[in-house]
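Please read the structure below before turning to the comments.
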Amino acid sequence: MEYVKTEKEDLPDLRVNIGALELANPVMTASGTFGYAREFANLMNLHRLGAVIVKGISLYPREGNPPPRIVETACGMLNAIGLQNVGVDRFVSEKMKYLAGLSIPVIVNILGDSVEEYRQIAEKLVGVDGVAGIEVNISCPNVKKGGVAFGTDAVMAAAVTEAVKGVADVPVMVKLSPNVSDVTVVARAVEDAGADCISLINTLIGMGIDLKTKRPALANIIGGLSGPAIKPVALRMVYQVANAVSIPVIGIGGISSTEDALEFMLAGATAVQIGTANFVTPRISEEIVEGIHKYAVAEKLNSIRSLIGGLITD
Amino acid sequence: MEYVKTEKEDLPDLRVNIGALELANPVMTASGTFGYAREFANLMNLHRLGAVIVKGISLYPREGNPPPRIVETACGMLNAIGLQNVGVDRFVSEKMKYLAGLSIPVIVNILGDSVEEYRQIAEKLVGVDGVAGIEVNISCPNVKKGGVAFGTDAVMAAAVTEAVKGVADVPVMVKLSPNVSDVTVVARAVEDAGADCISLINTLIGMGIDLKTKRPALANIIGGLSGPAIKPVALRMVYQVANAVSIPVIGIGGISSTEDALEFMLAGATAVQIGTANFVTPRISEEIVEGIHKYAVAEKLNSIRSLIGGLITD
Amino acid sequence: MPQYQEKAIITRVEQFSVKNFRLTLDSPEIASCAKPGQFVMIRTGVGNDPLLRRPFSIHQTSSNGAIQIYFKAVGRGTDILAHVKKGEALSVFGPLGQGFKVREDSPAVLVGGGLGIAPMLFLAKAICRLKNVCSKGLVILGGREKNELAPLLDDFHEIGITLYTATDDGSLGHHGNVVDVLHSIDLPANCTIYSCGPEPMLAGIADLARQNGVVCQVSVESVMACGMGACLGCSKPRKDGSYAHVCLNGPVFNAEELKWNT
Amino acid sequence: MPQYQEKAIITRVEQFSVKNFRLTLDSPEIASCAKPGQFVMIRTGVGNDPLLRRPFSIHQTSSNGAIQIYFKAVGRGTDILAHVKKGEALSVFGPLGQGFKVREDSPAVLVGGGLGIAPMLFLAKAICRLKNVCSKGLVILGGREKNELAPLLDDFHEIGITLYTATDDGSLGHHGNVVDVLHSIDLPANCTIYSCGPEPMLAGIADLARQNGVVCQVSVESVMACGMGACLGCSKPRKDGSYAHVCLNGPVFNAEELKWNT
Ligand SMILES: Cc1cc2nc3c(=O)[nH]c(=O)nc-3n(C[C@H](O)[C@H](O)[C@H](O)COP(=O)(O)OP(=O)(O)OC[C@H]3O[C@@H](n4cnc5c(N)ncnc54)[C@H](O)[C@@H]3O)c2cc1C
Ligand SMILES: Cc1cc2nc3c(=O)[nH]c(=O)nc-3n(C[C@H](O)[C@H](O)[C@H](O)COP(=O)(O)OP(=O)(O)OC[C@H]3O[C@@H](n4cnc5c(N)ncnc54)[C@H](O)[C@@H]3O)c2cc1C
Ligand SMILES: Cc1cc2nc3c(=O)[nH]c(=O)nc-3n(C[C@H](O)[C@H](O)[C@H](O)COP(=O)(O)O)c2cc1C
Ligand SMILES: Cc1cc2nc3c(=O)[nH]c(=O)nc-3n(C[C@H](O)[C@H](O)[C@H](O)COP(=O)(O)O)c2cc1C
Ligand code: FES
Ligand code: FES
């Protein structure tokens, strides 16, 4: 598969590399917040994105949680979608055709209930046209079995990484949970287990209550907190992990503007993912690509890569 | 020392008990956000508060961190005050006189660099007129030595609790860090070590970056995130801990309104602490006392205690 | 299905009661392709709080590029909208969702309760371009009290469709709710009911439709984050146990498809 | 020291340039006890974002219970303030901090640069109630260009104190900054300099004062969360290595007390 790439001669050069994968620019869309990309096709030029990461896929189809699944919070939202998805087989047969037609890398976010399930899903993605990478979600807080345990346990996280790496024919990105005492421990464990890059953060575990009904605001009681509210936590963790590992780090968490994206790059992120902001401003991901381009021009950067980890801390 | 208490006959009864300490109502002010109370004396009637918790006190005076110490974030703020305080000796000689004159319980928040330091501070508070309780801060993220390690390590947390309990002549509240994989593990450890009650959450560790200068927004690089942004995380942890221990739990985190306070009580909190909201609306703590009173009247509650843990989750 | 993210200038603000408002927005792209029953997502604030857009039915469109929403201030977002002024701009995203499927040759019975009136004007206008559907058709509007309905009646009268009203306090039309009115009248033969309003009302209408063997389309609500199928947050249980998504498969559904809590 | 949390109605909005505004607020309690150099903390938004109040010097008070602030739109909070309208209410908290300590029998030299002009009007008025201090005194105001100063000059002229102006672009008064002006004039004997403005300017003035052996009071800025000594966030290094708190020990300090980065 060939992507439309920025030529070396095009300045500023916005290309970044995550493992063996080269992106035309550092802006991706976060899993679960961009559907299967097609939903956004008549709102923006999808081809301008660095990459698209699709909604989490499991081995078997899942109906997801009963409503209410989302609730707004101060500068953020809680979700407990419960990984509603069509399962890997139907994903490959129904959704990949359109995605493969896009001239940008498509990364498939996967989630299993066991190490073996992760391996099986990854296996089913081998050789599938259009799959440019796999993002291993070991951090989804909404699924009772599995999800959390893998993300908060360095040994399990490493085991999942190894299993997926063992079969995958594309770069493997492992997505970390922020609900841990020391995120660098898990980061180092997945790096040692062979991850090509690390993305973080997934949502913080939170809860909402409806005072009027005296009931939880989400049917699932707890859910994942995302949006601008969590940006400071995400920025801190990206900074810590970028200083702890030598594989590329992808920053996620509350990014809603070009400035936010650039801050994550200064903290050490090679690229970023836009999540909740896609709901607020459907065109935001493309706008951030444009914004980064403008910034690079204004700052006379030859390559946006010169920003990565450029935070001055003396 | 005698406090002005609500009489049993006064309905609705807003009294709550945290350990041996009875509060006239469930509203306290959080450490570090209410100075030494005197700062608020000409803004509100301090005597209407359930209790006052003063700024963290260490064994020796601390100058705190260089500026900038605070930065605003989406619906929240980061602080890295660095525990600036006069030290326990001067606290007792200079600040306690005024505080002892208040007709409400004064709880002293303490922080040490070692188990032994915590013990020494607690010892210096023994018999001091006006000290109604001690809150052990094992969770301050802004002090390089100590702080974090105690709060994220159940064994150390228990050791600190035991040391303080060993000398204190007043109820001991242990304040937990949210920056852990499983807050119930630490909660159970401090309960087993003899804590009279548990308060949570302290701030989430976060970071801000100034894109213009390419420098961290805080001189200390990382700081503590507080305010409405963190409320969903706080509510979840209070719910988890209240279901894991049998000592009273005090809810803290982003509480800015009567509704917020009541939600924490439904989640299982016996009382609450108001933090960052004191900066935004200096009179807020008294307003929340009034709001809870009104709610109890409107809902015809005989006692506000009937709300504690009343969340319906069937 | 085109969708637009427009900065729409507010050209008119009408306040009908303490809490009920109608806004006219200059939104030519959305106006040009919107269909009755579709909705828009509107940003209510400037900062990040409230964060999410709020969904509103398209109340009516005009050929000069305007759209209207008719709303009630019930919380933080709508309170902010209740304070906007003529000349200010709002970020509007739409048109979204599946609107009503107008069945030709079937007399239309439109039932709007409370804010469920909002999409009915747009629908009534579209329907009355089809003679059969309109001449035997009728509209029933219900509200708590007179003020909620009265300011809208002229717009419906203009269309020339038979109009019934009902208010909870009896201050206008039938003293009671729209379901009572539906029960009290003879439904046109082979009619189709198009309805929007609170869930208990829709459940009642769905029930009545089933008993009368007529088709019933309902426009339902749900909390929404994206309004366009990206978040999967707006799930609604179907009769068959699976979940529909209100923003994508709805907001208008065949009443038979959904599970009703009755 | 009384402090009040008031809902203040905006009675006048003046726009002096694209970014510079002056608001008049009906705030009788604060007006009744404010002193020159003190400040207020104002909530700029309705939701939780922006969360914190913003500090503004009291520009002047009036006997009918009004206070004024003079500000520049530089970010999120001040941008919102730049859009408020007459008749709306703002939550104002103050008066806060230690103001200028007017030294009787010492001619006053007031120096305001940029938004540092804001507190100088209030101070000039207070000072000119003392004959000696005023008659030999003078005011120097500096800005980027004419529009930043011109609209304020009448207010200063009224007071009857000698006035110098300087602009970076030379469009009004001296072509250069206020420190140049200070250097170019003969300071009145035994005078006291009262100044407010950007740090480099204050550092320059502090330096000049030291060289001339005159007392210099400076009003400095800092990020603030509470404005009243509760958060300890507004620390400023003192010469002796300890930290002062701008909201409590300042914003006005004796220049000698602070550490200057020069
Ligand atoms: C497809 C669709 C079309 C709609 N059309 C209209 C319309 O034309 N006119 C109109 O006035 N309203 C309409 N609504 C409802 C409207 O979106 C909500 O009233 C609004 O989102 C409330 O926002 P808020 O910030 O004021 O309330 P919040 O502060 O968010 O909540 C206040 C109260 O309103 C309830 N609420 C919040 N969101 C919704 C929702 N989506 N549906 C129902 N209740 C909710 C909450 O449970 C809470 O009790 C529609 C909703 C949907 C899903
Ligand atoms: C005691 C005191 C008195 C003041 N008096 C006035 C006055 O009379 N008129 C006036 O226009 N301004 C005054 N200021 C500055 C004013 O408070 C800031 O301009 C305002 O807080 C910026 O808010 P914002 O939300 O618009 O900017 P933000 O979006 O918060 O920040 C935008 C930019 O402004 C800078 N900034 C933010 N806060 C401050 C601050 N407190 N001081 C300096 N720079 C800041 C930021 O670093 C950033 O570069 C005063 C500040 C203090 C501490
Ligand atoms: C509605 C919703 C659904 C999500 N689904 C997934 C998912 O399927 N897999 C995954 O790894 N992360 C999922 N996430 C997490 C996001 O990809 C992202 O990590 C998180 O929201 C933080 O980024 P943000 O603050 O920019 O939204 C989801 C987030 C939201 C809000
Ligand atoms: C400026 C500031 C200083 C604080 N200092 C302390 C402290 O000294 N000791 C402590 O235990 N917690 C301290 N905290 C944490 C608060 O007590 C509280 O746990 C936290 O802010 C969350 O509550 P909130 O969101 O209501 O502010 C401080 C918080 C802030 C914002
Ligand atoms: S609201 Fe997001 S999928 Fe329907
Ligand atoms: S701003 Fe809080 S102490 Fe000064």
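All chains are named by letter (A, B, ...) in the order of the sequence lines, taking the proteins before the strands, and each is independently numbered beginning at 1. What you are looking at is a predicted structure, and each value in this text was computed from that prediction instead of being measured.
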Open item on the list: With a 4.5 Å cut-off on side-chain heavy atoms, are A:Pro228 and C:Leu51 touching?
Closed with: yes
Open item on the list: If I measure from the heavy atoms of chain C, does A:Pro282 come under 4.5 Å with its side chain, its backbone, both, or neither?
Closed with: both
- [ ] Give a yes or no on whether a salt bridge exists between A:Glu63 and C:Arg238, defined as a side-chain N under 4.0 angstrom from a carboxylate O.
- [x] no
Task: Separation of A:Glu72 CD from C:Leu52 CG (nearest 0.5 Å) - done: 4.5 Å
TODO: Spell out the residues in residues 36-46 of chain A that have some non-hydrogen atom less than 4.5 Å away from a non-hydrogen atom of chain C, in order of number; otherwise answer 'none'.
DONE: A:Glu39, A:Phe40, A:Asn42, A:Leu43
TODO: Considering only heavy atoms, give the residues of residues 56-92 of chain C separated from chain A by less than 4.5 Å, sorted numerically, with 'none' for an empty result.
DONE: none
- [ ] Would you please name every residue forming a side-chain hydrogen bond (donor to acceptor under 3.5 Å, both in side chains) with A:Thr29, sequence neighbours left out?
- [x] none
Task: A:Tyr60 atom OH, neighbour heavy-atom count above 12 within 6.0 Å - done: no
Task: Minimum heavy-atom distance A:Phe279-C:Ala225, with the two atoms named - done: CB-O, 3.6 Å
Open item on the list: Tell me whether A:Lys97 at atom NZ has more than 12 heavy atoms from other residues, nucleotides or ligands lying less than 6.0 Å away.
Closed with: no
- [ ] Drop me the distance from A:Asn79's CG to C:Cys231's SG, to the nearest 0.5 angstrom.
- [x] 8.0 Å
Task: C:Met224 versus chain A, the contacting section by heavy-atom distance below 4.5 Å - done: backbone
- [ ] Give, as side chain, backbone, both or neither, the part of A:Thr276 having an atom under 4.5 angstrom from any heavy atom of chain C.
- [x] side chain
Open item on the list: Working to the nearest 0.5 angstrom, can you tell me the gap between C:Leu232 CG and A:Asn65 CG?
Closed with: 11.5 Å
Open item on the list: Suppose a student defines contact as a heavy atom less than 4.5 Å from any heavy atom of chain C. Which residues in residues 254-267 of chain A would they list?
Closed with: none
Task: Reported CD-to-CD distance for the pair C:Gln5 and A:Glu287, which is rounded to 0.5 angstrom - done: 6.0 Å
Open item on the list: Report which part of C:Tyr243 has an atom under 4.5 Å of a heavy atom belonging to chain A: side chain, backbone, both, or neither.
Closed with: both
- [ ] Step through the shown structure and confirm whether more than 12 heavy atoms of other residues, nucleotides or ligands are within 6.0 Å of CZ on C:Arg12.
- [x] no
- [ ] Quick one: pull up OG in C:Ser235 and CD1 in A:Ile81 and give me the separation to the nearest 0.5 Å.
- [x] 7.0 Å
